[in-house]
Amino acid sequence: MTDLPKAYDPQAFESQISAEWESRKLFQAKANSTRPAFTISMPPPNATGQLHVGHAVMLALEDIMIRWRRMCGDEALWLPGTDHAAIATENVVLRQIQEQDGIADPRATLGRDEVLRRIAEYVESSRGTIRNQVKAMGSSCDWSRERYTMDPALNRCVNESFVRMYQDGLIYRGPRIVNWDPKLKTNVSDDEVDRKEVQSPFYTFQYGPFQIGTVRPETKFGDKYVVMHPDDARYAEYQHGDTFECEWITGRIMATVIKDEAIDPEFGTGVMTITPWHDHTDFEIAERHGLDKEAIIDFDGKLLPVAQEFAGMPIEEARPKIVEKLRQKGLLVEVDEKYTHAKAFNSRGGGAIEPQIREQWFIDVNRKVIPWKGEHRSLREILIDVVRSGDIQLVPDRFNATYFHWVENLRDWCISRQIWWGHRIPAYYREGQTEIGIQPPDGTGWGQDPDTLDTWFSSALWTWSTLVDPELAQDLSLPFEQILERSPDFRKFHPTQVMETGYDILFFWVARMILMTTYMIGEVPFQTVYLHGLVRTRDGRKMSKSDPTTAIDPLESIADYGADALRLALILGTGPGQDLRLYPEKLEACRRFANKIWNAGRYILMTIPPGTPITPPQEVRSELAQWLLHGLDQTVRNVQGSLSAYRLSEVIDALRGFFWGEFCDWYLEMDKKPERSPEDNQVLAYAYTTLLKVLHPYVPFVTEALWSQFGQPQMLAVSAWPEPQPQHAFPEAHARIGLVKEAISQIRALRDKANLGLDKKIAASLDSARHTALFEEHQDLIIRLARLSELEVRSTEPTPGNDALSAYFQEALARIDASAVDWSKEIETLQKRLKSETDFLEKSGRKLGNPGFLNKAPEAVVLELKDKVAQTQKTVEALRLQIQELEKLAG
RNA sequence: GGGCAUGUAGCUCAGUGGGAGAGCGUUCGCCUCACACGCGAAAGGUCGAAGGUUCAAUCCCUUCCAUGCCCACCA
């Protein structure tokens, strides 16, 4: 007997089990192991962050994969860590300082060192939070290897990468137009720019003989080029290079005509003036024609002296005044107040982007200097090659198209940021000299570049920078290649097997990891990229932290439903790359499944004597047990197949179906009998513990809790994944009992539908199915019932019975026999199908012209066709038999 | 403008070239000694629309409709 409570209480087990996993060091991988490595680098959450539902998805998926591989005998390493999240973290702390200390501009007032100290302090104080939240999900990661993007060893990797790229001519510094955010006083990469539809007035001004349109009159002071499409017939009289004088905002100017194909003749008047300093397109036009560039707006978003009386004004203030001035000059032609366009914002903080030209550091993606598969290739070419060649596989593969499109349009990556929190650029300047190195140059008077690196630069190294030996990395005299060579973890665990992350950071991060790793290491960072979708609410809205009415807090869900239920709910009914909807009912359904596992375990522990072996039974005589074991092996094989193909949702469908529908509702009920043999008990113990094993990657807590009741020395988390047993192949028993099972279902339906006036007790006993002996005795009768209702009639004679249930079966059979079946119609249906099948057989020998086949490889077609023919032959035989029997019945 | 998805039961979603599925919800019957967080059963769908390929299409092809996402551009 057992004193386990009737309902599973996750709270009572989860933290305790977590602690035991950790204290037994079950998840610490060994670099000197001879087992094959299976590595996942955990996408590092923000070090100061809180666990949100997106993290929960990531953790659930990765934990399933890693637990499965670990149980299969791989040396499984799931390496956790955190990211310094440059802009996000700096923002939070700066705002804190502003609010708490009343300092308006903390960077100016406190200085670099103090601000950095405050940020570091904040990071330190909030770092443990996310770690504990990750643990609460049941994540089986190796905390002894936890890393942080700002660790000294990772910092070394960052500097080494920068220096080597610089030496190879892949990193350069130059004045380029960047996405400047005047609010945060930094630039951001193209990928970090969000565009939002806004409505703003669209002005048309007279500009010499032309009319030009703009939403940004405040940038127009310096405009002295007017551009149109070379093929625009309306302006054919003007030649490229023509000049003319005209009245403009601050007086008369000399303007030059430029012809460029970037102009869309359909838009507005087909003519525009350009502001190369503050617009990407204009900058490119200016570059093409060697035009002058002039700054109009400063880095605070205020107008420069070129604007004369408007100098020093913020643009919002200046705009209406400039328009007014032009109106007074009679140059305002028209205003469209309803004009909408996509305005650029910084997605990392919300400021409106004001493009600016600045000296920035860039990674050149087009220089072909990298030795790769025997040639010199550019970063961009390598990015394409590794995916096209299959060295890296994207799951789902439809993201290939998106990926290639992105790479093909990739521009040089701007890696410098004007913020302080992050990896400082290892460039040093002195009187016009520049030195790049992992250490400051000798001599005095050197100053380091004030900028830091894009936060994705350091995370791009994540799969290997985390595996570098921290001690060795401290030794600056040691060449980097040697550090790698002598780092056991790196040698054992890189490249990693799976990178699992959200599709929304495929470009930000996944592509950058491929870029930096193929360059620095010469191998891919990972073999498979599994991309998960976004979590949405029941009605399909994005869950956002800022909107508490829509968001589901994973920590609350763990408290209310348990980590197991949350994990299930995040996997169920979803596929790679697909968004998933999460809502309370789903969590509740998953919690009930955990509870079902619990109660089945409770029953088994009550039923079997202590010490019952959980090893596979060798000789199984009971047909019922044969049915179970056969189905169990089928399920295990299915699960293995689905896991290998990353169809993680399919697995849980299959497992729930078998565990609940077959094992609990059918086998356990039929297995209830007064006298139990040791074989019965062993089958029960073996089947249940096997199911615990295959369920474990999904629901680690409840399965571990029950496993601990079976007196095994090892914890479930490190037990061996079950193997299908050859001696458990019982296809005949499986089919036969399957029929009995179906038949009983039909008898129950009959009972409910056409109440046969049966004794209430007998009728009810059909549900509890505690009449194993009777069912076994009357199998033939039951099967006949089943076949009748399936119209697969055999001439099996009913076995006479002498008790009430037997009489009941007889009665039911009589009813079916007497029921008015339209035999001719049934026969007709079957004949139709028979014809269709035989037609296929006739044609398949000569004709392969099925388009479905043509899309596949020839060998596959032949094999499939053979298979199909064999299958169809069987079907045809069965159909013929059925029709014969029916015709006999119909008389 | 370019690209990618999705459309199957009331809801959320699986699935397959040959007999339409699950969970939740609904209805009916059951406190049966693991579990009422449970058991048994039922109802409910022209598999978005129209064409095509095929002996056979929910599945493959084409077009259309609807919805969502990504990328680019918008002076």
Side-chain angles (χ1 to χ4, degrees), chain A residues 2 4 6-8 195 202 212-216 219 227 262-264 266-269 271-275 279 281-282 339-342 396 398-399 401-402 404-406 409 503-504 506-507 533-534 536 538-540 572-575 577-583 585-586 588-596 598-607 647 649-650 653 656-657 661 664-665 668-669 672 744-745 748-753 755 760-761 763-770 829 832-833 835-844 847 849-855 868 871-872 875:
Chain A
T2 171
L4 297 173
K6 271 184 157 187
Y8 172 60
R195 284 170 196 279
F202 183 78
I212 56 137
T214 185
V215 286
R216 304 210 51 197
T219 63
V227 194
I263 305 301
D264 175 9
E266 305 290 315
F267 188 85
T269 57
V271 182
M272 71 174 200
T273 60
I274 58 166
T275 315
D279 186 280
T281 319
D282 295 3
Y339 180 73
T340 56
H341 70 301
R398 63 184 153 85
F399 278 98
T402 333
F404 290 134
H405 183 259
W406 180 84
N409 293 294
Y503 66 70
D504 50 332
L506 176 61
F507 305 138
L534 262 49
R536 295 176 180 278
R538 186 185 198 110
D539 50 357
L572 203 57
T574 181
Q578 260 174 323
D579 293 353
L580 96 128
R581 302 188 185 203
L582 186 65
Y583 40 89
E585 296 93 316
K586 196 169 178 183
E588 177 60 21
C590 292
R591 190 187 68 77
R592 287 182 188 187
F593 181 42
N595 193 55
K596 188 72 182 179
W598 172 262
N599 271 302
R602 221 160 59 90
Y603 164 73
I604 287 159
L605 289 164
M606 286 169 165
T607 306
R647 293 196 294 262
S649 171
E650 200 174 278
D653 261 354
R656 187 168 61 176
C664 291
D665 290 347
L668 286 190
E669 292 304 333
K672 284 173 180 166
I744 289 179
S745 239
R748 286 166 175 166
L750 257 179
R751 175 204 57 194
D752 285 355
K753 213 187 271 178
N755 195 339
K760 208 178 166 189
K761 245 183 169 173
S765 75
L766 268 174
D767 287 344
S768 59
R770 283 207 196 92
T829 311
K832 232 166 135 186
R833 207 178 137 201
K835 183 179 182 312
S836 138
E837 302 278 357
T838 44
D839 279 356
F840 167 73
L841 283 183
E842 258 174 50
K843 298 216 169 188
S844 57
K847 196 176 173 187
N850 190 325
F853 284 118
L854 287 179
N855 293 335
K868 206 121 206 170
Q871 206 184 316
T872 309
T875 315

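Every chain is numbered from 1, with letters handed out A, B, ... down the list of sequences. Keep in mind that this is a model prediction, so the values were computed, not measured. Just so it is clear, the values below take in all heavy atoms, side chains as well, and ignore hydrogens, waters and symmetry mates.
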For atom CD of A:E585 and atom C1' of B:G23, their distance in whole Å | 11 Å
Among B:A22, B:A41, B:A75, find the nucleotide with the atom closest to the side chain of A:S745.
-> B:A41
To the nearest Å, how far apart are A:W598 CH2 and B:C35 C1'?
-> 12 Å
Residue-phosphate contact under 4.0 Å: A:K672 side-chain N/O, B:U32 OP1/OP2 | no
Between A:R591 (CZ) and B:C24 (C1'), how many Å, whole number?
-> 14 Å
Any side-chain N or O of A:R592 under 4.0 Å from OP1/OP2 of B:G38?
-> yes
Nearest of B:C70, B:A34, B:C35 to any side-chain atom of A:K6?
-> B:C35
Side chain of A:E650 (C-beta onward), nearest among B:U12, B:C4, B:G15 | B:G15
Would you give the length of the straight line joining atom CG of A:L572 to atom CG of A:L582, rounded to the nearest 0.5 angstrom?
-> 11.0 Å
If only atom types and distance count, is the side chain of A:K586 paired as donor or acceptor with the main-chain N or O of A:R538 below 3.5 Å?
-> no
To the nearest angstrom, how far is A:R748 atom CZ from B:A42 atom P?
-> 11 Å
May I ask you to verify if any side-chain N or O of A:R398 is less than 4.0 angstrom from the OP1 or OP2 atom of B:A5?
-> no
Taking the side chain of A:A589 as heavy atoms from C-beta outward, which of B:A75, B:C35, B:G23 is closest to it?
-> B:G23
For B:A72 and B:A14, measure between their C1' atoms and round to the nearest Å.
-> 35 Å
If the plane angle is over 60° it's perpendicular, under 30° parallel, otherwise tilted; pick one for A:Y8 and A:W598.
-> tilted
Nearest-nucleotide pick for A:H405, side chain only, options being B:A34, B:C69, B:C71 | B:C71
So does A:S649 get a side-chain nitrogen or oxygen closer than 4.0 Å to the phosphate oxygens (OP1/OP2) of B:C13?
-> no
With no angle test and no hydrogens, is the base of B:C35 tied to the side chain of A:R602 by a donor-acceptor pair under 3.5 Å?
-> no
Rounding to a whole Å, what distance do you find between A:R581:CZ and B:C69:C1'?
-> 13 Å
Rounded to the nearest 0.5 angstrom, the CG-CZ distance for A:N599 and A:R592 is 13.0 Å
d(CG, A:D665; C1', B:G23) in whole Å = 14 Å
Is the phosphate of B:G68, meaning OP1 or OP2, less than 4.0 Å from a side-chain N or O of A:Q578?
-> no
Dot-bracket summary - RNA chain B, pairs being Watson-Crick or G-U whose distances fall under 3.5 Å, with | when paired to another strand = (((((((..((((....[..)))).(((((.......))))).....(((((..]....))))))))))))....
With no hydrogens and no angle check, is any side-chain donor or acceptor of A:D579 less than 3.5 Å from a backbone partner on A:G533?
-> no
Choose from B:A75, B:C11, B:C35 the nucleotide whose nearest atom is closest to any side-chain atom of A:R538.
-> B:C11
